[in-house]
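A short write-up of the structure that comes next.
Residue numbering restarts at 1 for every chain, and letters A, B, ... go by the order of the sequence lines.
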Amino acid sequence: MNAELTFPAGRQPGGGERVAPSAEAILDTARRLRWEVGGDFHQTLMEAIYTDAATIADRAVTRPGEKPRFDLDRTIDRVVTSRIWGFPLMILLFAVVFWITITGANVPSRLLADLLIGQGVPFLHGLADTLRLPLWLSGLLIDGMYLATAWVVSVMLPPMAIFFPLFTLLEDFGYLPRVAFNLDNLYKKAGAHGKQSLSMMMGFGCNAAGVVATRIIDSPRERLIAIITNNFALCNGRWPTQILIASLFIGGMVSARWAGLISALAVVGIALLGVLLSFLVSLSLSRTVLKGQVSTFSLELPPYRPPRFWQTIYTSVIDRTIMVLWRAIVFAMPAGAVIWLIANIHLGDLTLAQHLVSLLNPVGLLIGLNGVILLAYIVAIPANEIVIPTVLMLTVLTTGVTGQGAGAGVMFEANSAADMMTLFRAGGWTLLTAVNLMLFSLIHNPCSTTIFTIFKETGSRKWTIIAALLPLLMGFTVTFFVAQIWRLLAGG
Amino acid sequence: MTLQPQPNAPQPPDYSDLLEGDDSFTLTIQPPPGDASAGCTTCPSHNATHLQRLGIDMGEWDYVVALGGNPNVGKSTVFNALTGLRQHTGNWPGKTVTRAEGGFEYGGHRYKLVDLPGTYSLLATSLDEEVARDFILFGQPDVTVVVVDATRLERNLNLVLQVLEITDRVVVCLNLMDEARRHGLVVDERRLARDLGVPVVPTEARQRKGLSELLQAIDGVASGRIVGRPHRIQSEPPALKRAVNQLKTQLEQAFPGLPNARWVALRLLDGDPRIVEAVQRGELNDLAALPEPALAAA
């Protein structure tokens with residue numbers, strides 16, 4: 001009661017005038033308050049300390065005969081970072097995430113394609129006719145820019161809208177540091193810094209961000225290794241390619257019941273291959289050009305926190321899905337224009353695109369891909385996100401498959417997975433093409449944004465070129481050998 | 001190695017320092033000096049820590065570490081293990097108290113280690129408690145290591161909580177873990193660290209186990225890589241809490257930047273003459289690290 005009366009009075013001198021109270025004033029206040037609190041101050045304070053000490057000690061100590069206190073964090077950690085269960089659980093968890101993504105994305109993807117392409121394109125063409133737009137302009141705008149964008153949205157939006165929130169939930173829950181913990185040992189053995197596992201985790205979102213994240217590594221030698229190998233962390237732009245191709249071709253090999261699971265496992269396999277490659281490249285770099293001591297560090301495992309579900313969903317949709325999608329659209333529109341142009345500019349009998357494709361085809365076929373895919377990868381240097389739409393558009397061009405009486409360079413109306421398969425088959429795709437595309441998508445040069453970031457971070461032309469060309473060279477090598485062995489086994 | 005037996009080696013057992021107290025026993029199993037150094041340099045703990053014991057050679061130091069704790073928790077064992085000294089600190093209850101000091105080098109930094117007298121609290125007004133309290137408060141060590149007895153955690157935590165009120169640059173050395181194990185106690189040091197908000201390192205100082213982790217934690221806190229978020233006493237009654245807050249506000253206005261205004265407020269309410277004096281003489285300004293005094297000397 002007393003305290004309530006004096007509380008405002010005590011506040012006034014300092015609070016109102018902002019004059020520092022003098023020593024005597026403080027001592028006066030202390031004397032007055034001591035009187036109010038009562039004579040057993042010492043006793044009261046000791047009791048408070050004892051109560052806190054008892055609570056804390058009780059939580060930390062388990063006495064003989066008592067059952068060990070159940071500490072959820074520790075129990076979870078013991079399982080997810082265990083030597084035996086750590087890796088299988090990691091694989092299982094990611095497989096579940098991809099399975100949900102793949103099975104869940106099918107229906108909305110079809111609906112979007114139906115709406116944006118099946119109905120959007122004829123509608124826009126009708127509109128262009130009423131406006132009496134010249135054919136070349138409506139072609140460039142609708143069949144080039146709009147179609148490429150519509151493709152990106154319908155192919156990428158549903159899987160991203162499912163995958164990113166799931167991934168963010170895992171991240172918020174605190175699982176990713178445990179993955180880093182599991183991988184740390186591998187990287188240390190590879191002569192790299194354990195923190196590389198953390199920059200790799202960032203790379204799974206975006207390689208450019210992963211490259212920046214290597215700043216946490218102090219030693220320049222280990223940092224270079226981390227920068228060069230970050231590309232092997234499958235990034236946002238490449239997940240959709242993996243998910244789509246896996247669900248079409250790998251999932252298509254087995255009965256519908258198992259399709260989702262098998263294709264999810266295929267994507268996990270590719271992601272793990274990326275981790276393995278980063279490990280191998282780190283190892284060979286640290287044994288050759290980047291020799292040196294391994295530094296140690298301690299990795300603190302944060303407590304598990306139940307993610308705030310709706311907030312996580314909201315922010316991951318806004319931050320990641322929309323951002324990535326926006327980036328894809330920004331790059332897809334000019335790319336769509338470029339594709340339409342090269343498909344409609346004639347040099348002799350053939351279009352520019354056909355010339356380029358037939359030029360690249362021998363190399364492409366040698367490594368189990370084709371000219372269209374290689375051309376798509378050249379067009380998609382600014383952003384990996386548009387590889388698939390570009391592949392689809394170029395395939396339509398070169399195979400001459402057309403729908404709805406449209407001319408060259410017009411997107412085939414592929415509303416469903418089945419239609420897309422027809423398209424790929426017409427382009428001469430086989431299971432080998434799909435597997436090698438997945439491999440090449442994992443192992444090729446980083447996108448131009450990442451390359452630029454590497455240059456900014458290293459300040460070295462030499463290392464930037466190495467970081468860009470080393471994976472490309474490896475990609476060609478891997479796909480080449482896979483193609484040769486495949487064909488040898490297939491007897492072709 | 002500096003593990004030389006002292007000329008007056010067989011000393012009477014000193015029960016005030018070690019839980020089991022039988023220091024002469026420790027001396028008898030001590031191998032000859034030659035073997036001792038060989039054993040030391042090859043043991044993993046030595047190699048891992050890169051610890052260089054400097055004994056009393058403390059010409060210059062980068063950081064000052066205070067070593068506090070209840071009596072009989074192996075505080076001096078920790079002190080000796082880190083500095084390579086074998087001295088018995090003169091903290092006999094009721095006698096004049098001296099601080100034992102030693103040095104060591106770790107991770108490229110030279111540390112001065114100050115062994116404070118063992119105390120159960122920093123509140124009561126016995127001489128040894130005042131020495132410990134004054135050093136932690138006015139000496140402003142870069143790190144305060146509180147050695148606690150894992151078998152008597154609750155009693156030991158009383159001191160830890162009081163130290164945490166004064167400074168957040170604390171490492172708790174959870175010693176006598178072997179003892180606790182023998183009693184069938186399981187101490188969850190991670191839980192403890194989370195509740196206290198500062199690093200907790202389990203050690204068995206007599207077996208030299210955990211010392212390398214302890215050094216890492218000390219280094220982390222000293223260099224500012226580890227920043228504690230110490231537990232503050234929560235169970236005080238509301239009237240007391242209000243009084244403390246009110247006084248704390250005034251103190252913060254008078255001494256901006258004072259790192260432990262709450263604790264000073266608590267001591268003033270308790271009428272601690274040393275703290276009253278510190279307020280009157282403006283000594284708290286040194287703690288607040290202000291260039292000029294904010295209040296006129298009374």
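Checked against ring pair (Phe, Tyr, Trp, His ring centres under 6.0 Å), B:His109 has the following partners two or more places apart in sequence or in another chain: B:Tyr63. By the side-chain contact (heavy atoms from CB on, under 4.5 Å) test, A:Lys456 is found to be paired with A:Phe452, residues two or more places apart in sequence or in another chain being considered. Among residues two or more places apart in sequence or in another chain, the salt bridge (charged side-chain N to carboxylate O under 4.0 Å, His left out) test is passed with B:Lys209 by B:Glu204.
With B:Phe138 as the aromatic partner, B:Arg274 meets the cation-pi criteria of under 6.0 angstrom to the ring centre and within 45 degrees of the ring axis.
Using a 4.5 Å cut-off on side-chain heavy atoms (C-beta onward), B:Leu161 and B:Val163 make no contact.
With respect to chain A, the highest number of heavy-atom pairs below 4.5 Å among B:Val244, B:Leu192, B:Leu266, B:Asp195 belongs to B:Asp195. With respect to chain A, the highest number of heavy-atom pairs below 4.5 Å among B:Asn156, B:Val187, B:Leu196 belongs to B:Val187.
For the atom pair CG (A:Leu186) and CZ (A:Phe87), the distance works out to 4.5 Å, reported to the nearest 0.5 Å.
Among the residues in residues 221-233 of chain B, those with a non-hydrogen atom closer than 4.5 angstrom to a non-hydrogen atom of chain A are B:His231, B:Arg232, B:Ile233.
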Working for side chain to side chain donor-acceptor pair (under 3.5 Å), residues A:Thr229 and A:Gln196 | CA-CA 9 Å; A:Thr229 55; A:Gln196 191 172 330; 2.7 Å; yes
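Of the atoms belonging to A:Leu27, it is side-chain heavy atoms, and not backbone ones, that fall under 4.5 Å from chain B.
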